[in-house]
Amino acid sequence: MVDLVQNTIDGLMIGSSYGLLALGFTLIFGVMRRLNLSYGPSVMVGAYLGTLVYVQLAAGPLVVLVVTVLGSVLAGLYVERLCFAPMAAGAGVASMVSSFAIWMQLEQAAVLVLPRHTYPFPPLATADPLAFGPFYLRVDGLIMLACALALSAGVQLLLYRSRVGLALRATINNPVAAHLAGIDVRTAVVFAFALASAVGGIAGYLVLATDQQVTPMFGMWATFKGLIAMMIGGLGSIPGAILGGLVLGVVEANSQWYFGPQVRDLLAYVLLFACLVLRPGGLLGEAPSRQQDTGRRGA
Amino acid sequence: MTALRLAGALAAAAACLSAGAFAQVGAQAPQAQVKMRAKADVACRPTSTALHYDCTIRLTNARTGEPLGGVTLTVGADMPSMPMMHSVRPVAAPPEPESGSYRARLALEMHGDWALQLNLSGPLRDRVVAIVRFEPGRAESRPGG
Amino acid sequence: MFEVSDIVATYGKIEALKGVSLKVESGKITCLLGPNGAGKTTLMMTIAGILQPRRGAIRLDGMDLAGLSPARIVSRGVALVPENRLVFPQMSVRENLLAGAYQRRDRAGIDSDIDRMYARFPRLKERREQMAGTLSGGEQQMLAVARALMSRPRLLLMDEPSLGLAPLIVAEIFEIIAELNRDGTTIFLVEQNAHMALKVAHQFFLMEQGRITFSGTPGQLAEDEVIQRAYLGSRRAAG
Amino acid sequence: MDDYLVGVLSNIGIVSFIALSAWLLLLTGEISFGQQAFFAIGAYAAGIATALWGWPLGAALGWSAAIAGGAAVLVGVPTLRLHGLYFAIATLGFAEMVRLLFEQFHYRVMIDGELVGPNGSDGFRGIRYIFENDVGSLQFLALIYLLLAAALAGFMLLERSRLGVAFRMIGEDDTLAALNGLAVARLKILAAGLAGALAGLGGGLYAHLTTYVEPRVFDVMLGVHSLAYGLIGGLGTALGPLLGVVIDIGLLESVRAFAGYRMIVFGGLVAVLLIVRPRGLLDEALVHRIGRLFVRAPPAGP
């Protein structure tokens, strides 16, 4: 029982970072109705730049954070310019495959700059875990959870209480009507990409600072964790993204404890598969309608 | 149900076709009795050039454990994480003075885990695969090869 | 004065507009008639900047609008109420109105305009916190009109505002059109329902196969025998 | 021919199977990120059949196609009710499940004093059929291309058949296809089964070519690549995915001059190509135009 609770606590903390990755994913998907496979690799590029200033210039954590986020945003915008902006409506599959090609590109670029398999990343917090009776709370985990909740609340506020949020939601709802209402849809899309990449950059920073190391595989990891959490929580829903991340984190932490890391990964995909087959709308999203069908020819 | 029946028929047709193709290839070589197999130990060292590694390969007879000399050995490489995308042109691995020992110099395209394909020809035709992780400044074989 | 001259627009290789020219007098209601596939919606979308013309000029009081982005065109004072009542289905009525005022920055003016819309369309006021997707067809049409008005257009374009609505609602919509015009808005509308249009419009154009084939006043329209038969329906045939 | 060329050509042939498999689903309008699962099932099935059970190669390949096709039908039933992105992610989830299950899969048998068989993440070594039976690398290459030619001939027939038209109709608009009386669900499952069998056959060939497989070989990279081939080469004809493979593996080899910058150059090329031709080089329009050059009279309908 103690184990279960402790695992659940740990799972909630790591799950909050999955939730942040899913949040970025869902923003891009919401605006573009397309899948950006290069999402994780863009964050990885940011993290590599962060590591670079850490290793080469011995920069402090704050500088590393800023560089990571800025790098993620720049890489994200590069992906948007190359894979999304020039694609005509109806070329959703082409965008997706193109973003995959750029993934390969970003990964190789990262390996060229920093060729070793792993590099150190500055730790988030070195304080001892806080003890509550038989339970321990890792400080970095707490920071991660707090950041996730604050950021998702911030994004929610931004979307529902600001002018630019109005533009984004209008674009998500109906791009043609948004054009006619005088909303600059292109700018809204670019903003969504930048925002999503920034959220991803923060999530990436938090994860890597907890792990204290970075590898080129982080890009793929981030894409898949974000994707799974997004689908579990429900496509297009911000609370759903966070909830999906937390659920994924809790399931992973417990299965890792009881069955080991390989079964953990297996169960994550079983959860994804079961969720899609049994409840395609996810926990908080709406069931897919034919109109929202994406990736198909008309999308 | 017609569709599913058709699927079954097509799968069966595919099976027959491949069996037919096999009959041509396999007819020349009836199932051989127990054949000699090779076993390999690979140890690689980085060189002064980045991504270039010096590998020493010790071949033994899998059954008797004796060193396996006198074969022609070439070494190719593929990345299991990107199968068939990074096939490195096979290099010849000439024998060393010590029997069963061969040496190859590999020029890889990137760091990571590589499946080295040791192609034996001459008295024994075989392929042995060794998994080696290449990193800047070091290389490490995975046991079990 | 709004003026379109020699607009050519293509869909792929098909020429949808083959050199369209027309003038819309300020303060008047101008109606564009025409059969399905004549290019009326294409013309509207081209004026609104959703489609780019191959060539030709679009001028509002001397300013050239051709080639501008839809957002710029809205800020120059042209708003389109599109066909099929495009609203933002997962946004509230109020948010839809706010989106219509996106190009404006005057917070107080926007708030008072929203109140004016509520006064003009009381049913929108009742449903202001409701998601637009849950409104009835007629209510969505009113919302689409109100949203377009929120940008304070000098020229309001309307693409088949009566399409698919019940006769009572259609009458209400046309009443609103006449009212808006009395308040000084120039209106350019596409309509299939020529009977309704005849009651409100001051000027008519007829478009067929990407070309303007007739222009005139309601009186001239009613006299034209061909148009009579095609658009107003001869009484003999109807009876 | 030198070994290297034979190796590259063998790779092109084998990857073509999984590329065709993904393309067949694209034809019916569905994106699969998961065809590598059937490739994996085929590879393990064929490897086990020859190395552990002593089956002849032909039987093993038929078995790999059959079991992979069967698995694809089983997975197709629940997943093909989903569409678009949902289907794509479900196939990805399934494929990763299969890969991770192979990480757990241990089935080792003592053969000639040596433990042979799948050994979890340490892989499955010693699928030595072609070495034990003196099948030369050229002979094996011929076998690959024989089977590939058979598959292509099948596709050419399919393109002219009612079934092929049905697949394309579903791909264009499955609601419309259903309104025209097509049993959309069954046809999609049929397509999924055929696609699975093709991938499985490719997997069986792959296992015997390399003599070694491990779960990592079958990760998402392979699946997304195979999907990309159809889009690079073109969706208009079954030759499209093949062209994609040739460009990818051929191009990767030819821009070797770029050494460490290879993926950077290649990734950029693919991105630009997809901007210029979003449905690939051999898209439907081009195929139609080329077809008109050869066929003067309109082909008689069935």
Side-chain angles (χ1 to χ4, degrees), chain A residues 29 33-35 37 79 82-83 86-88 90-109 111-112 115 220 223-224 227-228 230-231 235 262-263 265-278 280-281 288 290 292-299, chain D residues 26 29-31 33 75 78-79 81-101 103-104 120-121 171-175 219-221 224-225 227-228 230-232 235 260-280:
Chain A
F29 182 81
R33 301 264 133 207
R34 291 174 188 187
L35 199 56
L37 290 175
V79 173
L82 204 55
C83 307
M87 296 294 183
V93 187
S95 276
M96 191 170 66
V97 170
S98 179
S99 71
F100 171 72
I102 296 307
W103 166 351
M104 307 276 90
Q105 207 184 32
L106 296 179
E107 206 170 280
Q108 176 134 43
V111 170
L112 275 176
M220 187 195 243
T223 288
F224 286 135
L227 193 59
I228 298 175
M230 172 175 82
M231 298 310 285
L235 206 54
Q262 285 178 332
V263 174
D265 292 348
L266 182 61
L267 276 183
Y269 284 105
V270 170
L271 185 66
L272 169 70
F273 190 76
C275 210
L276 276 169
V277 169
L278 301 175
R290 297 310 310 247
Q292 288 182 331
D293 223 10
T294 50
R296 291 175 59 82
R297 224 165 258 227
Chain D
L26 270 181
E30 297 298 350
I31 306 149
F33 283 129
V75 186
T79 51
R81 287 183 299 136
L82 305 168
H83 294 282
L85 182 73
Y86 293 88
F87 175 78
I89 310 272
T91 54
L92 181 135
F94 170 74
E96 285 293 276
M97 272 159 62
V98 168
R99 180 177 68 80
L100 291 160
L101 278 173
E103 301 257 7
Q104 304 288 313
S121 50
E172 288 287 341
D173 187 336
D174 53 5
T175 312
D219 76 4
V220 188
M221 281 289 162
V224 188
H225 264 104
L227 186 64
L231 278 159
I232 299 169
L235 299 180
Y261 300 88
R262 217 171 75 177
M263 286 317 290
I264 293 182
V265 175
F266 179 70
L269 275 178
V270 171
V272 171
L273 177 71
L274 285 173
I275 293 170
V276 184
R277 289 190 81 84
R279 290 182 72 76

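All chains are named by letter (A, B, ...) in the order of the sequence lines, taking the proteins before the strands, and each is independently numbered beginning at 1.
A:M96 CE to D:L85 CG: the interatomic distance, rounded to the nearest 0.5 Å, is 7.5 Å. For the atom pair OG1 of D:T79 and CG of A:L276, the computed distance is 10.0 Å after rounding to the nearest 0.5 Å. Residue D:L92 holds its CG atom at 7.5 Å from CD1 of A:I228, rounded to the nearest 0.5 Å. Rounding to the nearest 0.5 Å places CG of A:L267 at 9.5 Å from CE of D:M97. Taking OH from A:Y269 and CD1 from D:I89, the interatomic distance works out to 10.0 Å, rounded to the nearest 0.5 Å. For the atom pair D:F33 CZ and A:L37 CG, the distance stands at 5.0 Å (nearest 0.5 Å).
For A:L266, the parts sitting under 4.5 Å from any heavy atom of chain D are the backbone and the side chain alike. Interface remark: D:L101 contributes backbone and side-chain atoms alike to the contact with chain A (heavy atom separation under 4.5 Å). In this structure, chain A has no heavy atom under 4.5 Å from any part of D:V276. Neither the backbone nor the side chain of D:A88 has a heavy atom closer than 4.5 Å to any heavy atom of chain A. Using a 4.5 Å cut-off between heavy atoms, A:M87 touches chain D through its side chain atoms alone. In this structure, chain A has a heavy atom under 4.5 Å from the side chain of D:S121, while its backbone stays farther away. Within the 4.5 angstrom heavy-atom criterion, only side-chain atoms of D:L231, from C-beta onward, approach chain A.
The shortest non-hydrogen separation linking D:D219 to A:M220 is OD2-CE, 4.0 Å. Residues A:A94 and D:P278 share a closest heavy-atom pair of CB-O, 3.6 Å. Pairing each heavy atom of A:I102 with each of D:G267, the nearest pair is CD1-O, 4.0 Å. Nearest heavy-atom pair across D:I264 and A:Q105 is O-NE2, 2.7 Å.
Taking the six-membered ring where tryptophan is involved, the planes of D:H225 and A:F100 are perpendicular, since the angle between them exceeds 60° and thus also 30°.
Annotation: side chain of A:L272 is not in contact with side chain of D:E96 (no heavy-atom distance under 4.5 Å).
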Residues A:V277, D:R81; criterion side chain to side chain contact (heavy atoms under 4.5 Å, CB included); working and verdict: CA-CA 8 Å; A:V277 169; D:R81 287 183 299 136; 3.9 Å; yes
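Contact count against chain A (heavy-atom pairs under 4.5 Å) is highest for D:V224 among D:V270, D:V224, D:T91.
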